[in-house]
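When a ligand or atom number is given, it counts from 1 through the structure's own listing order.
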Amino acid sequence: MIKTVLVTGGAGYIGSHTTLALLLAGFNVVVLDNLCNASPESLRRVAQLSDREPVFEKGDIRDRALLDKLLAQHPVQAVLHFAGLKSVGESVAYPLRYYDNNVGGTVTLCQAMAAAGVFTLVFSSSATVYGDPATVPITEDQPAGHTTNPYGRSKFMVEQLLGDLAASDPRWRVALLRYFNPVGAHESGLIGEDPHGIPNNLLPYITQVAVGKLPELAVFGNDYQTIDGTGVRDYIHVVDLAQGHLAALKELLTRTGTHVWNLGTGQGYSVLQVVQAFKAASGQPIPYRTVPRRPGDIAACYADPAKAAAELGWSAKRDLFTMMSDSWRWQKMNPDGYRSGND
Ligand code: NAD
Ligand code: UDP
């Protein structure tokens with residue numbers, strides 16, 4: 001039985017929802033986050049929702065002494081590793097930041113784990129490692145590694161280094177979770193995605209148009225070979241994604257080595273379908289205009305989630321309408337994210 005877990009990046013978007021799910025499931029949670037892209041307010045609200053307090057340490061996964069201290073202080077049996085940088089554009093401009101944080105940070109984390117005798121790790125990978133997939137839906141055995149930017153390469157490098165590590169020492173139990181497109185927020189509207197500046201991703205962009213912070217959505221291309229010419233993605237509710245981590249953690253009790261699971265719904269939606277669904281869920285029209293394709297974008301990307309269903313007993317439950325209404329509730333209740341302070 002695993003009782004105590006370390007969650008790196010636990011104050012962030014997916015990490016905070018997973019911390020909540022872990023606390024509600026009875027785990028003791030230690031969060032390590034340097035707050036470079038998060039607010040401690042997220043964890044205060046997680047405590048409010050769960051009626052339990054995670055331990056919070058503000059610090060960096062590249063700080064070996066701090067990791068050693070945390071792993072000595074707390075009886076950690078597994079690590080869920082969310083900490084990292086995730087902006088594709090920034091990774092092109094500042095690749096070393098991404099290799100240092102995402103790859104270097106994971107090396108330091110694994111060194112500290114091994115020294116402390118902790119060998120169970122759940123890693124936040126991404127469907128970006130599939131690059132432009134030859135076919136959809138994407139199964140885990142499709143070739144990975146043809147990534148188009150330093151962010152994607154950093155994710156793939158970490159997958160490979162974790163594979164090498166597990167091959168070198170049979171005590172390691174590693175889950176590589178390839179997320180598709182996480183969206184939505186906890187149904188309370190208290191925790192959600194809080195991007196700094198102008199959002200890069202579709203959903204936060206739409207909700208900021210809806211709330212009047214941005215004038216209109218730019219739809220990146222309408223000439224793809226898809227249902228209506230706009231890009232198709234597999235949007236997955238962040239609460240379903242969080243549950244996928246608990247399922248993976250449980251499954252790792254029964255296996256050693258490295259294991260890859262897609263976490264997606266298996267259903268692809270176009271940009272215009274998402275815009276329509278958001279309007280239906282929120283009652284807000286989303287003014288948009290079509291602009292040229294965004295460099296590096298692909299036409300369609302959606303998961304075959306059968307392996308996770310069969311092996312983890314997990315599948316996504318929440319539909320697109322729920323994803324939209326939960327995103328909208330979070331945005332309405334927190335127009336300036338965690339800086340709104342109106343919970
Ligand atoms: P996020 O930015 O909200 O969360 C990441 C957290 O890690 C933040 O709280 C940040 O402050 C923290 N962090 C960053 N570098 C750190 C460091 N060196 N030491 C300690 N803390 C650090 O992002 P998210 O959307 O919650 O993503 C979580 C993970 O999932 C990331 O690894 C990301 O690459 C991966 N992922 C995200 C998506 C997505 O679309 N959101 C898709 C696929 C994979
Ligand atoms: N997209 C868009 N306008 C935006 C942001 C995204 O049309 O302002 C499109 C994008 O081209 C893609 C889809 O929405 O087809 C999802 O993009 P996102 O950046 O959220 O995720 P990713 O590209 O990483 O899958």
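Proximity to Gly231 (heavy-atom distance under 4.0 Å) selects the following atoms of ligand 2: 15 (O). The distance from ligand 2 to the heavy atoms of Val219 drops below 4.0 Å at these ligand atoms: 7 (O). The contact set between ligand 2 and Asn200, taken as ligand atoms under 4.0 Å from a residue heavy atom, comprises 5 (C), 19 (O).
Ring geometry, Tyr179 versus Phe82: the interplanar angle falls from 30° to 60°, so the pair is classed tilted. The aromatic rings of His17 and Tyr13 sit perpendicular to each other, their planes meeting at more than 60°, with 30° as the lower class boundary.
Note: Phe180 CZ to Tyr235 OH = 13.0 Å, rounded to the nearest 0.5 Å.
A cation-pi arrangement is absent between Arg233 and Tyr269, since the terminal nitrogen or guanidinium carbon is not both under 6.0 Å from the aromatic centre and inside a 45° cone about the axis. A cation-pi arrangement, defined by a distance under 6.0 Å to the six-membered ring centre and an angle within 45 degrees of its axis, is absent between Arg153 and Phe156. A cation-pi arrangement is found for Arg178 relative to Tyr130, the charged atom lying closer than 6.0 Å to the ring centre and inside a 45° cone about the ring normal.
When ring centroids are compared, Trp330 and Tyr338 come within the 6.0 Å threshold.
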request  = Test side chain to side chain donor-acceptor pair (under 3.5 Å) on Arg45 and Asn334 and set out the steps.
outcome  = CA-CA 13 Å; Arg45 297 189 188 183; Asn334 308 272; 2.8 Å; yes
ask   = Could you go step by step and tell me if Asp304 and Thr139 meet the side chain to side chain donor-acceptor pair (under 3.5 Å) rule?
value = CA-CA 5 Å; Asp304 181 335; Thr139 50; 5.8 Å; no
task = Any chance you could lay out the side chain to side chain contact (heavy atoms under 4.5 Å, CB included) test for Val274 and Leu203, step after step, and finish with the verdict?
result = CA-CA 8 Å; Val274 171; Leu203 240 291; 3.6 Å; yes
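At a heavy-atom cutoff of 4.0 Å, ligand 2 is contacted by no atom of Arg293, backbone or side chain. Using a 4.0 Å cut-off between heavy atoms, Asn181 contacts ligand 2 through its side chain alone, with no backbone atom that close. Contacts between Leu217 and ligand 2, counted as non-hydrogen atom pairs separated by less than 4.0 Å, involve the side chain only. Contact annotation for Asp297 and ligand 2: only side-chain heavy atoms (C-beta onward) come within less than 4.0 Å of the ligand. Under 4.0 angstrom from ligand 2, the non-hydrogen atoms of Val271 all belong to its side chain.
Here the heavy atom of the protein found nearest to atom 19 (O) of ligand 2 is Arg294 NH2, 2.8 Å. Nearest protein heavy-atom contact of atom 18 (P) of ligand 2 is Asn201 ND2, 3.5 Å. For atom 25 (O) of ligand 2, the closest non-hydrogen atom on the protein side is Arg233 NE, 2.7 Å. Closest protein heavy atom to atom 3 (N) of ligand 2: Ala218 O, 2.8 Å. Looking from atom 20 (O) of ligand 2 to the surrounding protein, the closest heavy atom is Leu202 N, 2.9 Å.
Contact residues for ligand 1 (protein heavy atom closer than 4.0 angstrom to any ligand atom): Gly9, Ala11, Gly12, Tyr13, Ile14, Asp33, Asn34, Leu35, Cys36, Asn37, Ala38, Gly59, Asp60, Ile61, Arg62, Phe82, Ala83, Gly84, Lys86, Asn101, Ser124, Ser125, Ser126, Tyr151, Lys155, Tyr179, Pro182.
Remark: Phe123 engages His81 in a ring pair (Phe, Tyr, Trp, His ring centres under 6.0 Å) (not counting sequence neighbours).
A salt bridge between Asp33 and Lys58 is absent, with no side-chain N of the basic residue lying under 4.0 Å from a carboxylate O of the acidic one.
A side chain to side chain donor-acceptor pair (under 3.5 Å) with Asn28 is found for one member of His74, Lys3, Arg52 and no other, namely Arg52.
The residue from Phe180, Tyr224, Phe220 that puts a heavy atom closest to atom 5 (C) of ligand 2 is Phe220.
Under the 4.0 angstrom criterion for non-hydrogen atoms, Tyr235 is in contact with ligand 2.
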